[in-house]
Amino acid sequence: MRAMVLEKPRFAEEAPLQLRDIPEPTSRPGEIRVRVRVCGVCHTDLHIVQGELPMHKLPVVPGHQVVGVVDAVGTGAKGFKEGDRAGVIWLHSTDGSCEYCRRNSENLCVNAKFTGYDVNGGYAESVIVPAAFAYTIPKTFSDENAAPLLCAGVIGYRSLKLSGAARSDGLGLYGFGASAHIVLQIARHMGCEVYVFTRAAAHRELAKKLGAAWVGDAKDRPPHELDAAIVFAPAGPVVLDALRALRKGGTVALAGITMTPIPQMDYSLMYGERIVRSVANSTRQDARELLELAAEVPVRTAVTPYALEEANRAVADMKHSRIGGAAVLRVSE
Ligand SMILES: [Zn+2]
Ligand SMILES: [Zn+2]
């Protein structure tokens with residue numbers, strides 16, 4: 001099968017992914033094989049191809065926002081049959097037995113495996129996933145429009161929950177890529193007023209179109225103090241910008257998997273019971289809730305399609321904020 005393979009991490013502009021013909025994987029007991037139609041491009045993929053995360057497996061096929069069709073079912077795999085549409089996300093599997101799994105925090109599992117990082121992902125014609133970690137996608141979404149929901153949407157949704165934002169709250173979104181453009185729609189549906197902090201022209205335009213009450217730079221003060229904020233930008237200094245705009249008792253949730261160092265700050269920025277918390281992965285429950293909620297809103301994802309072999313260009317375009325919304329790879333019909 002055709003796959004875009006990472007053999008050696010490099011800058012996105014140096015085309016780190018190579019088109020290769022690799023053996024088609026086979027499903028073991030409990031697993032299904034999904035013929036990939038579309039795979040979304042996530043910021044985590046950028047961090048992986050550039051070697052900004054510790055590498056777990058090389059060579060590796062990235063990609064963890066897969067929409068495709070089940071074409072093989074391993075013995076004992078429940079919930080899917082051949083021909084069903086299925087979605088695959090970042091959380092590939094957990095041990096189900098560690099202290100975090102037992103505490104209902106499987107997103108923090110000490111033996112978690114991640115799609116496109118610990119195991120090969122969806123920048124390929126086929127991907128393997130345990131049936132218990134695959135998702136049915138609501139019919140309202142096309143393959144392309146569903147793909148960004150599977151990580152940008154799920155992680156954004158978990159970040160929104162952890163930010164504590166509630167009806168009529170003012171919510172700040174720092175950075176406006178694939179995840180924020182979905183969160184904005186959900187937050188508006190919840191009755192939040194949303195302020196977007198971003199510089200990129202394509203991002204500002206999309207934020208306004210989707211109903212942002214105000215758009216500015218990270219250093220700007222929004223018209224009202226924020227009740228909650230989510231930082232999507234992987235830039236530590238932005239955490240301080242968000243704290244400066246946050247009311248007492250408010251929360252700043254950090255959605256990214258990595259970030260440049262957070263600068264030293266005066267205690268007064270946090271005093272007043274302000275909370276800073278990170279967001280790590282997601283649970284299966286988060287993914288199910290998000291898919292249901294996205295269909296109810298309904299969330300309209302903005303997608304820019306690329307061919308599988310254009311994955312390097314898709315990742316670089318995302319890195320340089322050249323597109324509004326999400327990049328997706330069209331893998332097969
Ligand atoms: Zn565990
Ligand atoms: Zn992701």
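First listed ligand is number 1; within each ligand, the first listed atom is number 1. Position 1 is the first residue of the sequence; numbering continues from there.
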Nearest heavy atoms of Ser321 and Ala202, plus distance in Å: O-CB, 4.4 Å
Of the protein N/O/S atoms, how many lie under 2.8 Å from the Zn ion (ligand 2): 3
Validation row, ring centre His92 to ring centre Phe114 under 6.0 Å: no
Among Thr115, Ile32, Val67, Val36, side chain to side chain contact (heavy atoms under 4.5 Å, CB included) partner for Val88: Thr115
Test item: Met1 and Ile22 side chains (from C-beta on) under 4.5 Å apart, heavy atoms: yes
Aromatic centroids of Trp214 and Phe197 separated by under 6.0 Å: yes
N-O pairing of Arg2 and Glu309 below 4.0 Å: yes
Short N-O contact, Lys248 and Glu225, less than 4.0 angstrom: no
Distance criterion under 2.8 Å: protein N/O/S atoms around the Zn ion (ligand 1): 4
Charged tip of Arg330 within 45° of Tyr306 ring normal and under 6.0 Å: no
Arg277, CZ atom: more than 12 neighbouring heavy atoms under 6.0 Å: no
